[in-house]
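Note sheet for the following structure.
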Amino acid sequence: MDACPERVQGVRDTQDLIGGKWKIVILAALYINGKFRFMDLARHIDGIAPKVLSKELKDLEMNQLVKRTVIDTMPITVEYELTPQGKTLKDVVYAMADWGMQYRKTIMKG
């Protein structure tokens, strides 16, 4: 039972990094699709406002889960992709996707 507080703290740490309405959705989109330009990512995630996407991406970049690359084009292009640390969330993203799909099937039956 001594590991329980440590596990709970691990859940808190994870929630602090990827919690909220949009962060895990952004990470999932980047994991499944790879690089995205800002507006392409905004169009890919239904319902997210550009201002919110920008803030969430800055948070994810600050926490070293997402990499922002500025490409010197006219106009300037900005791409986002997962960092090696961000890619370690693969099992979390897939577990959440699997659970969510199963849950949806279950509630649609009832």
Side-chain angles (χ1 to χ4, degrees):
M1 290 301 240
D2 290 334
C4 186
E6 189 175 316
R7 289 197 168 277
V8 170
Q9 185 61 52
V11 170
R12 282 188 190 139
D13 293 344
T14 304
Q15 186 178 18
D16 287 347
L17 289 173
I18 64 172
K21 184 174 181 179
W22 298 110
K23 284 189 178 100
I24 194 68
V25 176
I26 294 166
L27 292 168
L30 290 170
Y31 186 78
I32 294 166
N33 296 292
K35 293 180 185 178
F36 267 111
R37 292 182 189 172
F38 182 84
M39 287 310 295
D40 292 337
L41 184 57
R43 281 190 286 271
H44 189 77
I45 301 173
D46 189 37
I48 192 167
K51 184 177 178 178
V52 173
L53 177 59
S54 178
K55 180 202 172 299
E56 298 291 53
L57 284 166
K58 284 178 186 173
D59 287 350
L60 291 167
E61 184 181 11
M62 181 186 71
N63 288 305
Q64 301 176 8
L65 299 175
V66 169
K67 177 184 173 190
R68 178 180 186 265
T69 303
V70 177
I71 301 166
D72 190 20
T73 57
M74 267 316 230
I76 291 175
T77 303
V78 179
E79 288 184 336
Y80 294 90
E81 63 185 309
L82 294 177
T83 63
Q85 186 65 41
K87 290 177 183 177
T88 66
L89 289 163
K90 173 185 175 184
D91 292 341
V92 174
V93 169
Y94 275 27
M96 289 181 74
D98 291 344
W99 186 90
M101 290 184 297
Q102 187 59 44
Y103 179 74
R104 181 174 290 273
K105 288 178 189 174
T106 301
I107 63 169
M108 295 306 264
K109 288 180 186 175

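All figures in this text were calculated on a predicted structure; none of them were measured in a lab.
- In this structure, N33 contributes its side chain and A29 its backbone to a donor-acceptor pair below 3.5 Å.
- We find the OG1-CD distance between T69 and E79 to be 6.5 Å, quoted to the nearest 0.5 Å.
- Between D98 and Q102, the side chains place no donor N or O within less than 3.5 Å of an acceptor N or O (distance only, hydrogens not considered).
- A perpendicular orientation is assigned to the rings of Y31 and Y94, their planes being inclined by more than 60° (bins at 30° and 60°).
- Distance check, rounded to the nearest 0.5 Å: CE of M62 to CG of L17 gives 8.5 Å.
- Of the inter-residue distances, the one linking L65 atom CG with K67 atom NZ reads 14.5 Å to the nearest 0.5 angstrom.
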Please test W22 against L53 for side chain to side chain contact (heavy atoms under 4.5 Å, CB included), starting from the C-alpha separation and ending with a verdict.
-> CA-CA 8 Å; W22 298 110; L53 177 59; over 6 Å; no
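- Taking CG of L30 as the start and NZ of K87 as the end, the distance is 10.5 Å to the nearest 0.5 Å.
- Hydrophobic cluster membership is shared by V70 and L60, with clusters built from Ile, Leu, Val, Met, Phe, Trp and Tyr side chains linked at under 4.5 angstrom.
- Under the 4.5 Å side-chain heavy-atom criterion for grouping Ile, Leu, Val, Met, Phe, Trp and Tyr, Y103 is not connected to V93 through any hydrophobic cluster.
- Using a 4.5 Å heavy-atom threshold, the side chains of I18 and V92 count as touching.
- Residue pairs meeting the ring-ring contact (aromatic ring centres under 6.0 Å, His included) criterion with at least one partner in residues 49-81, sequence neighbours excluded, are absent.
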For side chain to side chain contact (heavy atoms under 4.5 Å, CB included), just list the numbers for L41 and L57, CA-CA rounded to whole Å, side-chain angles, deciding distance to a tenth of an Å, and then say yes or no.
-> CA-CA 11 Å; L41 184 57; L57 284 166; 4.1 Å; yes
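- Within a 6.0 Å radius of CD1 in I71, more than 12 heavy atoms belonging to other residues, nucleotides or ligands are found.
- Both M39 and I76 belong to a common hydrophobic cluster when Ile, Leu, Val, Met, Phe, Trp and Tyr are linked at side-chain heavy-atom distances under 4.5 angstrom.
- The distance from atom CG of N63 to atom NZ of K58, rounded to the nearest 0.5 Å, is 14.5 Å.
- Among K21, K51, K23, the single residue meeting the side-chain hydrogen bond (donor to acceptor under 3.5 Å, both in side chains) criterion with E56 is K23.
- Surrounding CG of D16 are more than 12 heavy atoms belonging to other residues, nucleotides or ligands, all under 6.0 Å away.
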Checking side chain to side chain contact (heavy atoms under 4.5 Å, CB included) for the pair K55/D59: CA distance, chi angles, key distance, verdict?
-> CA-CA 6 Å; K55 180 202 172 299; D59 287 350; 2.8 Å; yes
